[in-house]
Number of protein chains: 2
Amino acid sequence: MSCDRALREKGYRLTPQRMLVIEALHNANGHISAEEIYEQLHARYSYSNISTVYRTLELMKKLNLVTETDFSEGRVRYHVAEKGRHHHLVCRTCGRIIDLDESIINPLKDTLLQDYDFEADLRHLAISGECHDCYKEG
Amino acid sequence: MSCDRALREKGYRLTPQRMLVIEALHNANGHISAEEIYEQLHARYSYSNISTVYRTLELMKKLNLVTETDFSEGRVRYHVAEKGRHHHLVCRTCGRIIDLDESIINPLKDTLLQDYDFEADLRHLAISGECHDCYKEG
DNA sequence: AGGGTTATTGCAACAAGTTGCACTCATTCA
DNA sequence: TGAATGAGTGCAACTTGTTGCAATAACCCT
């Protein structure tokens, strides 16, 4: 759906650069890096700069339009917020990734809200650890 | 207690650089950054390099001697693992930090282990969100 | 449609962290 | 004790991401 409109409605300008960043995010099926977004932007609009990509992503994070997730691969990845509310378990040994429904975090969120009056932002986590097979061997 | 001994026992060498990194970590009350560790190291041992600090911290993380925590301040901070098992709630609006006992995460850890056979590494988290006062205003 | 306002951009410099390589030196073993 | 081994280091180059600033251009208003 329309990230474009969300930006406009909040009073932000809809530049060609921003439109292309949004398009790249929507076309990516799954998680895309800033560098990959920039490649697509630059291919169609050569007077552009990766700092614009970072600034656009920063803005979209602030507006809850994208989530940022660190899979411990040296760069973070982005994902349209509404396209899938989920988390990941990342095995530090074999790299295997297990997907998780968002609801698994709800009890923790509820506890933090009730006991600490804290509204935790826990969308799209990548939780590091060890999967069953690797744990057995280690 | 003796990080020194832990390194030796695992067959790693105890160099002056490593000893000074360990000392800085132990003397710091609270969370210390790589840069701060390097300042202390360099003051006493001028032929040293910050990459050694990073490599030592990496090794100590692997051996569960230190934990690394990202307070969203542009650099991560380190902490001797045994000196306090806890987490932090960081308010993204006012920056306030609320400390949390380690046990708060246990139900989630248990769920991940039972339902997904996944041994989650959830030590020393900094959970971002909004505290009561800021949430009321937003 | 055209002009003014100011958000947004490109650029270049910067900061944190990582990596490959050649050299050093702690440890092992004869 | 002295040589061989390879873990550990310093250095320099690199990667990802951030920031200040001057120039640009999207949007609003007439």
Side-chain angles (χ1 to χ4, degrees), chain A residues 3-22 24 31-63 65-78 92 126, chain B residues 3-22 24 31-63 65-78 92 126:
Chain A
C3 290
D4 305 29
R5 199 177 312 154
L7 281 182
R8 299 300 306 274
E9 278 169 10
K10 297 269 184 175
Y12 295 98
R13 295 180 186 171
L14 199 51
T15 64
Q17 290 93 328
R18 281 184 180 165
M19 277 162 43
L20 289 167
V21 168
I22 291 168
H31 314 84
I32 187 170
S33 70
E35 189 65 38
E36 286 161 1
I37 293 171
Y38 175 62
E39 277 165 25
Q40 293 186 39
L41 166 60
H42 191 255
R44 290 217 262 151
Y45 200 89
S46 58
Y47 285 99
S48 59
N49 194 279
I50 197 160
S51 64
T52 301
V53 173
Y54 281 114
R55 282 190 276 225
T56 301
L57 291 169
E58 193 60 33
L59 175 62
M60 294 179 72
K61 267 195 300 184
K62 204 178 75 185
L63 301 179
L65 297 173
V66 301
T67 53
E68 180 189 273
T69 306
D70 181 359
F71 288 93
S72 307
E73 37 170 23
R75 79 197 55 99
V76 300
R77 294 187 164 274
Y78 298 88
R92 90 166 75 84
Chain B
C3 290
D4 305 27
R5 200 177 311 154
L7 281 183
R8 298 302 304 270
E9 278 171 8
K10 297 268 185 176
Y12 295 98
R13 295 181 185 168
L14 198 52
T15 63
Q17 291 93 329
R18 283 184 178 165
M19 276 164 46
L20 289 167
V21 168
I22 291 168
H31 314 85
I32 186 170
S33 71
E35 189 67 39
E36 286 162 0
I37 293 171
Y38 175 62
E39 276 166 25
Q40 292 186 39
L41 166 59
H42 190 254
R44 291 218 262 150
Y45 199 89
S46 57
Y47 286 99
S48 59
N49 193 278
I50 197 161
S51 63
T52 300
V53 173
Y54 282 115
R55 282 191 274 228
T56 301
L57 290 169
E58 193 62 32
L59 174 63
M60 292 178 73
K61 268 194 300 184
K62 203 178 76 183
L63 300 179
L65 298 173
V66 302
T67 54
E68 181 189 272
T69 305
D70 181 0
F71 288 92
S72 307
E73 38 169 25
R75 79 196 54 96
V76 299
R77 293 188 163 275
Y78 300 86
R92 89 166 75 83

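Within every chain, numbering begins at 1; the chains are lettered A, B, ... in the order of the sequence lines, protein sequences first and strands thereafter.
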Nucleotide nearest [X] when distance is taken to its side chain, options [options]:
X	options	answer
B:R8	D:dC11, C:dT27, C:dA7	C:dT27
B:E35	C:dA16, C:dG10, C:dT8	C:dA16
B:V76	C:dG17, C:dC25, D:dC27	C:dG17
B:T52	C:dT27, C:dT9, D:dG10	D:dG10

Separation of [X] atom [atom1] from [N] atom [atom2], in whole Å?
X	N	atom1	atom2	result
B:Y12	D:dT9	OH	C1'	16 Å
B:Y38	D:dT9	OH	P	13 Å
A:Y54	C:dA15	OH	P	18 Å
B:I37	C:dG17	CD1	P	11 Å
A:L57	D:dT18	CG	P	10 Å
A:Y47	C:dA12	OH	C1'	17 Å
B:L14	D:dG8	CG	C1'	12 Å
B:I50	C:dA15	CD1	P	12 Å

Check the pair B:I22 / B:L65 against side-chain contact (heavy atoms from CB on, under 4.5 Å), numbers first and verdict last. CA-CA 10 Å; B:I22 291 168; B:L65 298 173; over 6 Å; no

Is there a side-chain contact between B:K10 and B:L63 (heavy atoms, below 4.5 Å)?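 Yes, their side chains come closer than 4.5 Å.
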
Would you mind reporting whether B:M60 and B:R18 have side-chain heavy atoms less than 4.5 Å apart?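 No, too far: nothing below the 4.5 Å cut-off.
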
Below 3.5 Å, does any donor atom in the side chain of A:R55 face an acceptor in the base of C:dG10, or the other way round?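 In this structure, the two groups form a donor-acceptor pair.
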
Across the strands shown, which category fits [X] at heavy-atom distances under 4.0 angstrom: base, sugar-phosphate, nothing?
X	result
A:S51	base
B:R75	sugar-phosphate
A:G11	nothing
A:P16	sugar-phosphate
A:Q17	sugar-phosphate

Can you list the steps and then say if B:L7 with B:L59 is a side-chain contact (heavy atoms from CB on, under 4.5 Å)? CA-CA 9 Å; B:L7 281 183; B:L59 174 63; 3.8 Å; yes

Any A:R18 side-chain nitrogen or oxygen under 4.0 Å from OP1 or OP2 of C:dT9: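 Affirmative; the distance criterion is met.
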
Between C:dT9 and A:T15, is there an OP1 or OP2 to side-chain N/O distance shorter than 4.0 Å? yes

Ion pair present between A:E58 and A:R55, side-chain N to carboxylate O less than 4.0 angstrom?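 No.
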
